[in-house]
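The structure under discussion appears below in the form of structure tokens.
The sequence lines fix the lettering, A, B, ..., with proteins before strands; numbering per chain opens at 1.
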Amino acid sequence: MTDVQSLDRNRLKELFDLRSSYNVAMGGDFQTDPYPVWERLRKQAPVHEGTVHKLTGYPGEAFFQGLPFPDRPHFSAFSFAACDAAFRDEETFASSPTAVDPTGQAAGVESSLISMNGAQHRRYRALVQPSFLPAKSGWWISSWIEETVHLLIDSFVADGRAELNVDFCAAIPILTITGSLGIPVEQALIIREWLSQPAKIVGMLAPIVAARRESPRDDLISVLVQAELPDEDGTTHRLSDVEIYSFAILLLLAGSGTTWKQMGIILTALLQRPEILKAVRADRRLLRATIEEAIRWTPTDPMFSRFVTADIEFFGAHIPKGSVLHLCVAAANRDPERWERPDEFDIHRPLKRSLGFGGGMHICLGMHVARAEMTVGIGALLDRLPNLRLDPDAASPRIIGMYERGATEIPVLFG
Amino acid sequence: MPGAGTATVTIDQSRCVGSGMCVVYAPATFDHDETAKVVVIDPHGDPLEVVESAVDACPTGALSIATADSPTPQKDEA
Ligand code: HEM
Ligand code: HEM
């Protein structure tokens with residue numbers, strides 16, 4: 001089914017290099033370790049005035065959810081309790097500055113689930129949640145993940161060496177999502193390049209949506225065209241084409257770069273700690289705790305943001321209505337109030353929720369898909385590449401980036 | 001299961017969004033129905049501290065736990 005050979009490796013490199021021009025806007029070129037600064041800030045106060053990147057000392061402008069909005073006051077939260085409280089209070093801390101009209105003409109993230117609030121968000125989320133339950137992981141794995149993972153390994157298994165960040169981690173999530181949307185592999189890379197041009201993605205999705213309306217298959221677009229949305233007045237409607245495009249674009253934006261970089265972070269953590277790698281290789285059940293710990297220790301997206309809908313005293317800060325509150329989940333995930341030795345990567349901690357997948361109503365919809373991709377991907381590397389280790393003659397991977405953190409390169413040897 | 005017999009998990013389906021966080025932590029206790037709402041499949045499926053971490057993990061406060069010492073009324077039991 002999947003023809004992974006048609007993915008050009010050099011093209012992959014260009015598209016997925018964190019320092020390439022595509023990602024500089026989100027601070028992909030940031031090299032300093034921000035955690036010591038975040039620790040200092042958290043000790044000073046749970047909530048500070050300013051944006052996370054400015055408070056961290058990032059020299060330029062960086063963009064992400066909740067930025068730039070130059071005309072609004074900005075605040076940033078660094079403690080677990082403050083971030084958790086904000087995630088759980090969607091009335092005071094809303095996901096978009098204005099109400100969303102999903103039935104309008106323009107498809108895009110701004111009109112998707114992630115920007116909705118309250119009852120509207122619940123209705124749209126309830127529609128897709130069944131396809132993203134933990135119990136659905138098997139469907140995602142056997143339909144799209146497993147075959148992709150093995151074909152990618154086939155492409156380098158005979159070489160004795162590989163660069164896992166781009167040749168492996170980057171390719172799995174984009175192929176999983178495009179696969180679930182019914183987009184052929186030859187077009188998967190073009191999609192990545194088009195992420196900032198939703199109109200082009202819509203052009204690619206339109207014939208697929210039309211075809212699935214005619215004859216549904218066992219894929220996500222078919223689920224969406226058949227789904228019925230209960231409206232506020234109790235009637236139901238089918239999703240319009242524009243609503244489906246917006247959701248598909250959201251999946252592509254929120255599900256491809258994130259899982260790629262998180263998988264690279266996990267592999268980096270493991271390869272730089274050979275004794276843990278050995279333990280996980282010997283007892284594959286430890287992979288679950290390893291993945292959860294990596295998402296706590298270094299979540300790929302360190303910050304999410306909310307729009308403040310009322311004047312509020314919040315963890316010692318006076319935050320006026322109209323402000324943007326940035327939730328530095330990466331700092332919260334190392335709050336010593338919640339974790340002992342928080343800077344240590346320790347897979348033997350008792351399992352406990354972190355904020356790496358967010359919290360509250362908007363908690364990551366794709367987190368079980370992401371976990372499945374990372375579990376199957378890393379498990380297959382351990383199964384098929386004996387004596388997997390970092391290439392001692394190449395530069396060791398470093399974790400870089402401001403609002404999208406990930407590994408530089410992961411050069412490995414095996415056999 | 002140590003301690004599990006002394007505690008009762010209560011679920012509030014109206015708050016549940018089906019995030020699946022509870023299943024990540026206590027997979028032998030929780031599952032979902034076909035509308036992605038939480039159900040208890042086995043109240044003694046996991047040790048108490050595991051169920052507690054699942055309750056803490058619920059992003060929408062749909063789960064609570066009552067121990068024998070401090071009973072809270074059952075509500076919205078599915
Ligand atoms: C390790 C990888 C991933 C991480 C760290 C991650 C993280 C997050 C976080 C923190 C949020 C919350 C955003 C907010 O509160 O504003 C979120 C939301 C979301 N994620 Fe993920 N994500 C990952 C993978 C995925 C995947 C694979 C998919 C899709 C298949 C996905 C789809 C979504 C969607 C649709 C939302 C919006 C949910 C809503 O607004 O209700 N994510 N993600
Ligand atoms: C209102 C919400 C959001 C808006 C308007 C938005 C907008 C965008 C846009 C326009 C791009 C393309 C940038 C480019 O390549 O030129 C992008 C990329 C990206 N977004 Fe967002 N985004 C939103 C929410 C999220 C969330 C919730 C996540 C993570 C859970 C996320 C993660 C990413 C990542 C990782 C990329 C880079 C794509 C990649 O490297 O594969 N975004 N976003």
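- In A:Arg284, the CZ atom is crowded: over 12 heavy atoms of neighbouring residues, nucleotides or ligands sit closer than 6.0 Å.
- Looking at A:Pro130, the atoms closer than 4.5 Å to chain B (heavy atoms on both sides) sit in the backbone and in the side chain alike.
- Both the backbone and the side chain of B:Val24 come within contact range of chain A, judged by heavy atoms closer than 4.5 Å.
- Contacts of B:Cys16 with chain A are made by backbone atoms alone, with heavy-atom separations under 4.5 Å and no side-chain atom involved.
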Present all donor-acceptor pairs from chain A to chain B with distances below 3.5 Å, rounded to 0.1 Å.
residue: A:Arg88; atom: NH1; partner: B:Cys58; partner atom: O; Å: 3.1
residue: A:Arg88; atom: NH2; partner: B:Asp56; partner atom: O; Å: 3.3
residue: A:Arg88; atom: NH2; partner: B:Cys58; partner atom: O; Å: 3.1
residue: A:Arg122; atom: NH1; partner: B:Ser14; partner atom: O; Å: 3.1
residue: A:Arg122; atom: NH2; partner: B:Arg15; partner atom: O; Å: 3.0
residue: A:Gln129; atom: NE2; partner: B:Gly18; partner atom: O; Å: 2.7
residue: A:Arg288; atom: NH2; partner: B:Val24; partner atom: O; Å: 2.5
residue: A:Arg338; atom: NH2; partner: B:Asp56; partner atom: OD2; Å: 2.7
residue: A:Arg353; atom: N; partner: B:Tyr25; partner atom: OH; Å: 3.4
residue: A:Arg353; atom: NE; partner: B:Asp56; partner atom: O; Å: 3.0
residue: A:Arg353; atom: NH2; partner: B:Asp56; partner atom: O; Å: 3.4
residue: A:Arg353; atom: NH2; partner: B:Asp56; partner atom: OD1; Å: 3.2
residue: A:His368; atom: NE2; partner: B:Ser19; partner atom: O; Å: 2.7

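- Contact annotation for A:Leu133: only side-chain heavy atoms (C-beta onward) come within less than 4.5 Å of a heavy atom of chain B.
- For A:Glu344, the salt bridge (charged side-chain N to carboxylate O under 4.0 Å, His left out) partners at least two apart in sequence or on another chain are A:Arg341.
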